[in-house]
Amino acid sequence: TVDVEIYAQPRTGVSRLVMSSVIAGDPIPNTPPDSICGTTDDRTLFNDTRIGRHLPEGCTAWNFNGWTNGYLAAGHCGISSGDVIQFNVPLSTSGGGTVNPPPQDQYSVDGTSTQTQTGGTNPSNDFVFFGVFNNSNTGLPPRLAYGGTINLAPSVPAPNGTAHIRITGYGTGGAGGGSWSQVGKTHTGTYVSVSGTNARYVADTTGGNSGSPQIYEPTGEAIGVHGYGGCTSSGGSNSGCTIATTNFQNIINNPQGMAANRPISLSFPAGGGPGTVNPAGGSSFQASVTTSAPAVVISSVRSFINTGSGF
């Protein structure tokens, strides 16, 4: 509960307070807010359905490595049951009030799936892996509804002075005024440094960008999760933890709840797959293909055999 009190001089008359938006969450000790690098906000509108808006806390989450329902965000976003991830987000009102997309573009968070590392007490080790339920209208998981995924880099590359990091997310504000607040925007900036498992870059961010992927522009792969500010009008850099941070690989390789959902699965009911097949044809075996997504219809199945020279 938040109580807001207004103090005014006697006979001031009716007073009121208008709040265009609120960002909730625990403060990060000794860490500046997400910030603009330089004197202008250079972010531009950008809709990427691999990346969603997380409400009600106001953060960014993204699909990675082909998980159908699995997403990454910043641990301090406090993602939990009852939250929602939204895609194809429309412009906000002129006063900055968020506008919801249609129901088919909203996905509820599975509270049993969240695995949070540190919960925002360490800028070098702050992320959460979680899952969302299939859409209640379409029956589809977001990965099948929109296609596309952000691949994680195999390792964290060293800065070379010219490579850029792209930050795409749902930060507040924007050069376009209130209607740009908490809608998809993107910007790239020089990849400055890596210290331990904390990457720094000069891409513009604001509150609401927490959770955005750190996209290494030369490859298009993600090297970490954005979460913290540090830029000023005269210098500095923003930052977030990298994929090399403590427990990251262990957590993403052991998904819980809907984060582990695979809508199409293959099994061999007759005691496992065939031990050998005839390259010329004629071999037979039984396979079972099932789906947990009501909107997915499996109409046919084809098998391919690799004899050593590819399919």
Side-chain angles (χ1 to χ4, degrees), residues 46-54 59-75 77 79 83 85-87 105 107-110 112-118 124-135 140-157 163 165-170 184 186 191 194 197-199 201 209-227 240-266 289 291-293 296:
F46 191 74
N47 183 39
D48 186 338
T49 51
R50 301 173 301 175
I51 304 170
R53 180 173 71 182
H54 165 241
C59 279
T60 299
W62 46 286
N63 178 264
F64 71 102
N65 282 12
W67 288 107
T68 55
N69 298 67
Y71 283 80
L72 282 168
C77 289
I79 292 175
D83 292 356
I85 305 298
Q86 300 179 332
F87 303 90
D105 290 317
Y107 297 79
S108 297
V109 170
D110 174 13
T112 68
S113 69
T114 58
Q115 297 186 75
T116 302
Q117 185 71 21
T118 74
S124 296
N125 188 218
D126 178 21
F127 68 93
V128 59
F129 178 32
F130 67 99
V132 297
F133 292 106
N134 293 347
N135 184 270
L140 289 172
R143 175 75 171 84
L144 294 185
Y146 307 116
T149 190
I150 298 174
N151 291 322
L152 298 181
S155 60
V156 179
I165 294 293
R166 177 176 295 277
I167 301 294
T168 300
Y170 294 83
T186 191
Y191 178 22
V194 175
T197 58
N198 185 248
Y201 33 84
N209 271 119
S210 288
S212 295
Q214 302 169 13
I215 302 294
Y216 183 64
E217 280 286 272
T219 64
E221 297 171 322
I223 65 168
V225 179
H226 170 74
C241 69
T242 73
I243 57 174
T245 193
T246 302
N247 217 26
F248 184 86
Q249 294 298 328
N250 178 55
I251 285 178
I252 68 170
N253 287 320
N254 292 279
Q256 306 295 315
M258 288 301 294
N261 183 46
R262 295 291 195 188
I264 299 177
S265 60
L266 170 70
V289 182
T291 176
S292 61
V296 176

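Side chains included, hydrogens not; waters and symmetry mates left out as well; all remaining heavy atoms used. Residue numbers count from 1 along this sequence. Predicted model, so just to flag it, every value in this text is computed and none were measured.
- With hydrogens and angles disregarded, no donor-acceptor distance shorter than 3.5 Å links the side chain of Gln249 to the backbone of Asn247.
- The closest side-chain heavy-atom distance from Gln117 to Asp126 is not below 4.5 Å.
- Considering only residues two or more places apart in sequence or on other chains, Thr246 meets the side chain to side chain donor-acceptor pair (under 3.5 Å) condition with none of them.
- Between Ser212 and Thr168 there is no side-chain heavy-atom pair separated by less than 4.5 Å.
- Judged as a disulfide bond (SG atoms under 2.5 Å apart), and not counting sequence neighbours, the contacts of Cys59 are Cys77.
- In this structure, CD on Gln214 lies 14.0 Å from CZ on Arg166, to the nearest 0.5 angstrom.
- Here the shortest heavy-atom pairing between Arg143 and Trp67 reads CB-O, 3.6 Å.
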Going through the distances and angles, do Phe248 and Leu72 end up as a side chain to side chain contact (heavy atoms under 4.5 Å, CB included)? CA-CA 11 Å; Phe248 184 86; Leu72 282 168; 3.9 Å; yes
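- For the pair Phe129 and Ile251, the tightest heavy-atom approach, listed with the atom from each and the gap, is CD2-O, 3.6 Å.
- For the atom pair Phe87 CZ and Asp105 CG, the distance stands at 8.5 Å (nearest 0.5 Å).
- The side chain to side chain donor-acceptor pair (under 3.5 Å) with Asn63 is formed by just one residue from the set Thr49, Asn69, Thr68, Thr149; it is Thr149.
- Atoms NE2 and OH, on His54 and Tyr71 in that order, are 13.0 Å from each other to the nearest 0.5 Å.
- Residues Val132 and Asp110 are not in side-chain contact: their nearest non-hydrogen atoms beyond the backbone lie 4.5 Å or more apart.
- Within the 4.5 Å cutoff, side-chain heavy atoms of Glu221 are placed close to those of Pro154.
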Test side chain to side chain contact (heavy atoms under 4.5 Å, CB included) on Thr186 and Ile167; report intermediate values, then the result. CA-CA 6 Å; Thr186 191; Ile167 301 294; over 6 Å; no
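- Between the side chain of Thr245 and the main chain of Ser124, a donor-acceptor pair closer than 3.5 Å is present.
- Under a 3.5 Å cut-off, the side chain of Glu217 and the backbone N or O of Ile165 do not form any donor-acceptor pair.
- Taking the six-membered ring where tryptophan is involved, the planes of Tyr191 and Tyr216 are perpendicular, since the angle between them exceeds 60° and thus also 30°.
- Remark: side-chain polar atoms of Trp62 are paired, donor with acceptor, to backbone N or O of Gly211 under 3.5 angstrom.
- Between Leu140 and Asn134 the shortest side-chain heavy-atom distance does not fall below 4.5 Å.
- For the 3.5 Å distance criterion, the side chains of Thr60 and Asn209 fail to qualify, holding no donor opposite an acceptor.
- Annotation: side chain of Phe130 is in contact with side chain of Ile85 (closest heavy-atom distance under 4.5 Å).
- Across Phe127 and Val225, no two heavy atoms sit closer than the pair CB-CG2, 4.3 Å.
- Within the 4.5 Å cutoff, the side chain of Pro213 has heavy atoms near those of the Ile51 side chain.
- In this structure a side-chain-to-backbone donor-acceptor pair under 3.5 Å is present from Ser113 to Gly131.
- Gly257 and Thr112 make their closest contact through CA-OG1, 4.2 Å (heavy atoms, listed as atom of the first residue, atom of the second, distance).
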Determine, stepwise, if the pair Tyr201 / His226 fulfils side chain to side chain donor-acceptor pair (under 3.5 Å). CA-CA 10 Å; Tyr201 33 84; His226 170 74; 2.8 Å; yes
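- Counting heavy atoms from C-beta on, the side chains of Asn151 and Asn65 come closer than 4.5 Å.
- Between Tyr146 and Tyr107, the ring-plane angle classifies as perpendicular under the 30° and 60° cut-offs.
- Residue Pro157 comes nearest to Val194 through the heavy atom pair O-CG2, 4.5 Å, listed as atom of the first residue, atom of the second, then distance.
- Between Met258 and Phe133, the closest heavy-atom pair is CG-CD2, 3.6 Å.
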